[in-house]
Amino acid sequence: MKASSTEAADLYRQMLRIRRFEEAILEAFPRGLIFGTTHTYIGQEANAVGVLSQRQNEDIVISNHRCHGHFLASGGSMSALAAEMMGRSTGVCAGRGGSQHLHWDNFFSSGILGGTLPLAVGMAFAQKAQQSGQIVFAFTGDGALGEGVVYESLNMASLWTCPVLFVLENNRYAQTTPVEVNLAGGIGERFRSFGIPTDEQDTTDVAKIEACARSAVDHVRNGKGPYALIIHTYRFAPHSRGDDMRDPAEIERFRQRDPLKIQATSLKKSVLAQLDVEVRTEVEDAFNQAETASMADPASLTYPIDLIR
Amino acid sequence: MKASSTEAADLYRQMLRIRRFEEAILEAFPRGLIFGTTHTYIGQEANAVGVLSQRQNEDIVISNHRCHGHFLASGGSMSALAAEMMGRSTGVCAGRGGSQHLHWDNFFSSGILGGTLPLAVGMAFAQKAQQSGQIVFAFTGDGALGEGVVYESLNMASLWTCPVLFVLENNRYAQTTPVEVNLAGGIGERFRSFGIPTDEQDTTDVAKIEACARSAVDHVRNGKGPYALIIHTYRFAPHSRGDDMRDPAEIERFRQRDPLKIQATSLKKSVLAQLDVEVRTEVEDAFNQAETASMADPASLTYPIDLIR
Amino acid sequence: MTTVLESLNRSLHTCMKTSDKVYFIGEDVLDPYGGAFKIARGLSTAFPERVITTPISEAGIVGAATGMAIRGLRPIVEIMFGDFLTLAADQIINYAAKLRWMSDDRVRVPLVVRTPMGGGRGYGPTHSQSLEKHFLGTPGLRIIAATALDDPGKLLQKVVLDENDPVLFIEHKLLYGLPVQPLNSIPEFEVRRVKADYPVYHLAINDAPQPRLTLAAYGYMAELARKAVQRLAYEHEVFAEMIVFTQLSPFNLAPLIDSVIRTKRLLTVEEGTLTHGWGAEILAKTLETIGPSLQARRLAALDMPIAASGPLEDTILPNIDAIIRSCLQLAS
Amino acid sequence: MTTVLESLNRSLHTCMKTSDKVYFIGEDVLDPYGGAFKIARGLSTAFPERVITTPISEAGIVGAATGMAIRGLRPIVEIMFGDFLTLAADQIINYAAKLRWMSDDRVRVPLVVRTPMGGGRGYGPTHSQSLEKHFLGTPGLRIIAATALDDPGKLLQKVVLDENDPVLFIEHKLLYGLPVQPLNSIPEFEVRRVKADYPVYHLAINDAPQPRLTLAAYGYMAELARKAVQRLAYEHEVFAEMIVFTQLSPFNLAPLIDSVIRTKRLLTVEEGTLTHGWGAEILAKTLETIGPSLQARRLAALDMPIAASGPLEDTILPNIDAIIRSCLQLAS
Ligand SMILES: Cc1ncc(C[n+]2csc(CCOP(=O)(O)OP(=O)(O)O)c2C)c(N)n1
Ligand SMILES: Cc1ncc(C[n+]2csc(CCOP(=O)(O)OP(=O)(O)O)c2C)c(N)n1
Ligand SMILES: [Mg+2]
Ligand SMILES: [Mg+2]
């Protein structure tokens with residue numbers, strides 16, 4: 001199935017939004033605008049955009065530390081995300097969470113690797129129990145496959161036929177560690193050994209990812225239980241900031257398959273130019289809006305539960 | 001390879017020791033002799049005896065809650081084990097551990113499922129680092145495959161080529177839960193997905209288990225890394241005591257392949273009769289010795305580390 | 001006569017009947033077994049769709065239940081032995097307890113984790129502990145302890161049906177077989193329930209003179225402490241009053257302060273190990289509140305693992321005689 | 001000038017050079033990266049066989065290191081952020097800390113788990129905590145906290161080379177960049193190292209009058225407390241003395257008691273959340289020891305997670321002004 005040109009443009013636009021947003025974040029650091037650190041999605045945009053193109057309105061997205069791309073592709077507000085990272089009252093979580101702890105509508109992320117997966121399974125269980133038709137998209141990296149709770153989650157998801165799509169983004173590194181050093185055996189085998197069917201793709205072509213996601217989501221939405229989409233990908237930027245130990249030649253080689261470049265080939269020059277302007281403006285506006293918002297107010301702090309009652 | 005008749009008799013004798021010991025333990029409970037609870041090995045004797053026949057002097061054995069069989073087959077003292085369960089000062093751990101927390105020489109067990117496996121991997125790592133030639137036997141049940149740390153351990157063992165033999169005793173139940181209810185996918189696949197080769201056997205024939213263990217141990221001892229021996233088995237007695245929810249007809253069916261009966265067929269009546277007497281006497285002596293020993297003395301208690309210094 | 005076990009079990013039936021959002025999740029919880037301590041008995045027969053027996057995955061099931069709770073269910077997780085809570089520590093401390101606050105209060109997590117704690121049964125070092133001390137003071141986590149007093153089932157029911165934040169619900173194993181004791185049925189004691197969402201109980205010997213000291217306790221230790229208070233009165237003519245907590249964290253100290261302002265002497269009794277235990281916070285907060293006239297001590301388990309052998313276990317854990325000794329020292 | 005980071009890093013080099021039993025294990029610890037906070041820098045180049053980079057498996061690596069320790073090695077585990085210790089809680093509490101005792105002292109576990117704790121860098125709720133409070137009081141576990149005072153590298157070296165029981169070694173992130181301060185180099189303070197295996201430090205302003213109160217602190221908070229003590233003296237003419245702990249659990253209270261017997265006023269300062277924190281035990285034990293003349297308070301983080309946004313984080317965590325305020329209240 002060939003995507004219409006508007007669809008193709010939209011996929012490109014969404015990837016471009018992520019790319020430009022992340023670049024702007026990296027630029028904002030030296031200006032002292034951002035608290036904490038960040039993990040940018042640069043290079044992996046096709047995954048979030050391709051997979052989440054199959055998300056329906058109320059579906060749930062569970063993300064990890066590298067969550068900006070997932071958040072934006074889930075429809076999260078760009079200015080609220082910028083504001084969150086700048087510690088503003090208008091941030092996604094009013095400045096409480098920062099870069100890796102986002103909650104908005106049906107979107108959740110956290111900074112402890114692997115621990116989000118049982119949550120994803122439980123949420124999927126709840127949607128099934130309530131026959132809501134909603135499914136859960138759960139994003140994880142290759143490194144998180146080191147965490148035991150991941151396997152506890154796969155087992156439960158499979159035993160209980162939970163409507164969850166595991167999206168495993170293998171960007172070939174966990175922080176500085178190549179996947180071969182961290183992971184014995186195979187990624188696909190790990191899922192399949194729990195009776196979870198897999199589709200494994202080595203691609204940054206958003207159209208291809210979209211197509212794979214479509215059949216994966218079909219499986220999940222039709223009550224056939226969990227499914228794992230394993231995407232071999234690459235990140236172009238450092239793990240967080242300035243901590244890149246990879247061979248620059250390797251990065252260059254992978255940049256040849258920049259998802260934006262690939263998708264650009266199916267779009268007219270004029271469309272690309274227009275999208276470029278549109279997105280630049282959107283990102284600028286988002287950052288301006290964030291920067292002019294007030295800092296999170298300590299008076300807004302509350303205790304997590306009533307201390308005495 | 002056919003075992004000589006002395007070897008065959010010895011395998012039988014070892015299984016019989018475990019059987020009679022466990023029966024004596026169950027009988028001792030109503031007499032108020034035993035503290036806490038127990039998990040008997042009745043029905044699974046061929047696993048410990050067959051596998052540990054391949055153990056060399058200084059090899060390490062890591063066991064779980066169902067540890068009496070592993071302990072006795074590792075050469076542990078029967079009277080010290082009885083004494084431990086009776087809370088005597090002469091117990092394996094002077095009454096501190098009880099039924100499931102044993103340490104003696106190179107034998108270790110504990111009561112938290114799964115958590116023994118990273119220990120086994122670390123010990124194997126240490127033996128390899130010290131080029132001691134020692135290997136680690138790590139026993140686990142099917143139910144413990146629910147614990148995430150098991151997979152963390154398989155991954156490390158495989159990545160680091162650790163000399164550890166995983167012995168997975170699938171007795172088809174975890175406490176009251178049938179394995180199908182607890183475990184999605186397959187047991188063998190779980191190990192193999194971490195690059196760990198497996199041998200899977202549905203047998204209670206100690207000679208067969210011994211033979212399989214021999215090649216498994218060869219693999220491990222020759223520095224080829226971890227190996228998993230998966231033995232489908234059955235326990236005849238309740239999980240601990242009086243908590244048996246299984247269909248009696250099912251138990252009866254499995255009793256047909258009682259490892260003792262199978263091994264008895266290769267032995268002369270006279271040998272069997274003699275072994276019967278020998279082992280009965282040994283067990284009686286062990287219990288008498290335990291029962292007449294002094295109770296663990298509170299004055300022997302020490303703090304686990306110096307409180308102040 | 002109703003035992004604590006029956007009270008909790010009935011309460012769970014009521015909860016599941018009252019709300020079809022309530023799910024019960026744990027290892028070996030199906031009938032006829034009904035869980036290692038039988039608290040779940042009958043549930044899976046009555047509510048087969050909503051009782052889920054799970055793999056042996058303490059972290060996973062607490063995490064999954066957290067996910068369910070976020071999405072509108074009211075899951076109750078049974079952790080078979082409280083000793084295994086360590087396996088779920090990350091899910092409890094870094095997930096369940098934080099999610100509401102991190103989301104600027106938009107996510108709610110009505111999760112209940114129930115678990116038996118405590119020794120006295122010879123189960124040895126990994127099945128006898130009172131590990132709640134490691135979870136006390138976790139921001140965002142409520143910790144409640146059942147007692148035999150009053151109505152443990154009602155306490156659990158409130159936690160399951162009315163709470164919207166995560167709760168760790170502690171049940172001492174030795175409570176299960178004890179009879180539930182309605183407040184007006186406790187011989188020789190006058191008992192007041194101090195008004196609070198999670199009750200605090202004030203116990204004093206009937207018609208006793210001014211008490212010389214205050215005991216604070218929870219769970220099974222409240223039973224031992226009550227017997228000690230009785231013996232102190234009859235055998236030693238030392239009169240004490242007692243405050244029994246059900247909510248351990250966060251806590252309402254007012255009833256204790258009321259008493260200690262009068263007695264100036266405080267003894268806390270807990271079964272967990274002494275150092276950095278529950279009593280430390282009670283002493284510290286009481287001291288901060290009432291200032292420099294307080295005399296206080298703590299009684300708790302020795303700072304070591306719990307042995308399987310009876311005589312050793314008896315020595316390690318607090319008992320009535322030890323409570324009496326501590327009280328006499330404090331009162332003298 | 002040596003930073004705390006350099007001191008710890010050099011110490012690790014020394015340890016690995018001194019004993020070939022020492023192994024270094026953790027996530028992303030190989031050169032050129034050398035671990036998230038660079039404490040391991042150079043180790044894998046110098047000792048390639050004995051530096052093991054691991055999968056992201058906190059429970060697994062602590063368990064594996066426990067196994068190594070039992071079998072004669074001296075493993076040092078780096079947990080990348082202290083917030084992840086929850087994942088290893090079972091291995092620490094139910095395995096490493098219990099194995100010696102359970103075996104009737106025949107097994108020894110010379111394991112060191114090192115980890116950075118603390119906030120102040122905007123990392124948000126899962127990367128800023130001081131979770132040591134959940135591990136304090138674990139029987140069989142020693143908890144040591146690095147300070148900038150004296151010689152943090154030597155402290156670590158002792159733990160790695162001389163200990164035969166498991167140690168949790170806490171390093172506050174904000175210490176790393178600070179200069180190490182030899183005891184005789186601290187302007188305006190007279191510092192005594194109280195003789196003990198794990199030193200306790202006594203700090204007093206040079207030639208000051210009798211102190212009115214005692215501060216107790218550890219780690220990075222000891223730095224803030226010291227500055228507060230200085231300002232209290234100069235700006236408020238309130239003189240305080242300070243006790244700095246390196247061994248948090250178990251602990252040697254004698255030096256603190258010595259001081260409090262004189263001042264009768266005690267303030268504890270810690271960065272973890274207040275309730276059931278480190279200070280609770282210090283207050284409780286001090287009260288039990290010196291009896292009814294003590295006035296005491298605790299300063300700690302607010303009982304909530306730690307926000308990423310600077311102004312929020314600053315409000316949640318204790319700071320110098322708050323220490324001064326608490327001292328003034330206590331002294332008045
Ligand atoms: C439990 C836990 N351990 C360690 C970390 C530190 N950490 C953050 S991201 C990361 C690497 C993750 O690798 P991967 O899952 O492949 O995701 P990627 O960063 O490549 O997208 C590590 C080790 C963490 N956040 N949580
Ligand atoms: C972490 C943990 N969870 C639960 C238990 C309680 N428990 C003890 S044995 C057991 C069943 C274990 O099943 P399996 O591993 O198959 O061994 P088997 O008893 O069948 O030999 C359970 C749930 C435990 N000891 N540790
Ligand atoms: Mg990765
Ligand atoms: Mg089993």
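Bear in mind that the values here come from a model prediction, so they are computed numbers and not experimental data.
Annotation: A:N57, atom CG; neighbour count of heavy atoms from other residues, nucleotides and ligands within 6.0 Å does not exceed 12.
A 4.5 Å side-chain heavy-atom check between A:Q130 and C:L73 finds at least one atom pair inside the cut-off. Looking at A:L119 and C:Q91, their side chains come closer than 4.5 Å, going by heavy atoms from C-beta outward. Residues A:I305 and C:E163 form no side-chain contact, since every pair of their non-hydrogen atoms from C-beta on lies 4.5 Å or further apart.
For A:L301, the part lying near chain C is the side chain, with the backbone staying farther off; criterion is any non-hydrogen pair under 4.5 Å. Neither the backbone nor the side chain of C:D20 comes within contact range of chain A; no heavy atom of the residue lies under 4.5 Å from a heavy atom of that chain. Proximity to chain A (any heavy atom under 4.5 Å) is restricted, for C:K21, to the side chain, taken from C-beta onward. In this structure, chain C has a heavy atom under 4.5 Å from the side chain of A:F108, while its backbone stays farther away. At a 4.5 Å heavy-atom cutoff, the contact between A:I60 and chain C is made by side-chain atoms alone.
Put simply, of A:V92, A:N155, A:L117, A:T302, the one with the most heavy-atom pairs under 4.5 Å next to chain C is A:T302. No other option in C:A96, C:A64, C:A59, C:A97 has as many heavy-atom pairs under 4.5 Å with chain A as C:A64. Heavy-atom pairs under 4.5 Å with chain C were tallied for A:T116, A:V149, A:L159, A:V121; the largest tally goes to A:T116. Counting heavy-atom pairs closer than 4.5 Å to chain A, the top-ranked of the candidates C:D105, C:V62, C:L87 is C:D105.
Heavy-atom minimum distance, C:G60 versus A:P118: O-CB, 3.6 Å. Closest of all the heavy-atom pairs between A:F125 and C:Y23 is CE2-CE2, 3.6 Å. Between A:S110 and C:M102, the shortest heavy-atom distance links the atoms OG-CE, 4.0 Å.
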Step by step, would you call A:W104 with C:D104 a side-chain contact (heavy atoms from CB on, under 4.5 Å)? CA-CA 10 Å; A:W104 170 77; C:D104 199 25; over 6 Å; no

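A distance of 12.5 Å separates NE2 in A:H101 from OG in C:S103, rounded to the nearest 0.5 Å. To the nearest 0.5 Å, atom CD1 of residue A:I112 and atom CG of residue C:D90 are 5.0 Å apart. In this structure, CD in A:Q127 is found 4.5 Å from CZ in C:R71, a value given to the nearest 0.5 Å. The distance from atom CD1 of C:I70 to atom CE of A:M123, rounded to the nearest 0.5 Å, is 3.5 Å.
Residues of residues 42-58 of chain C having a heavy atom under 4.5 Å from any heavy atom of chain A, listed by number: C:I52, C:T53, C:T54, C:P55, C:S57, C:E58.
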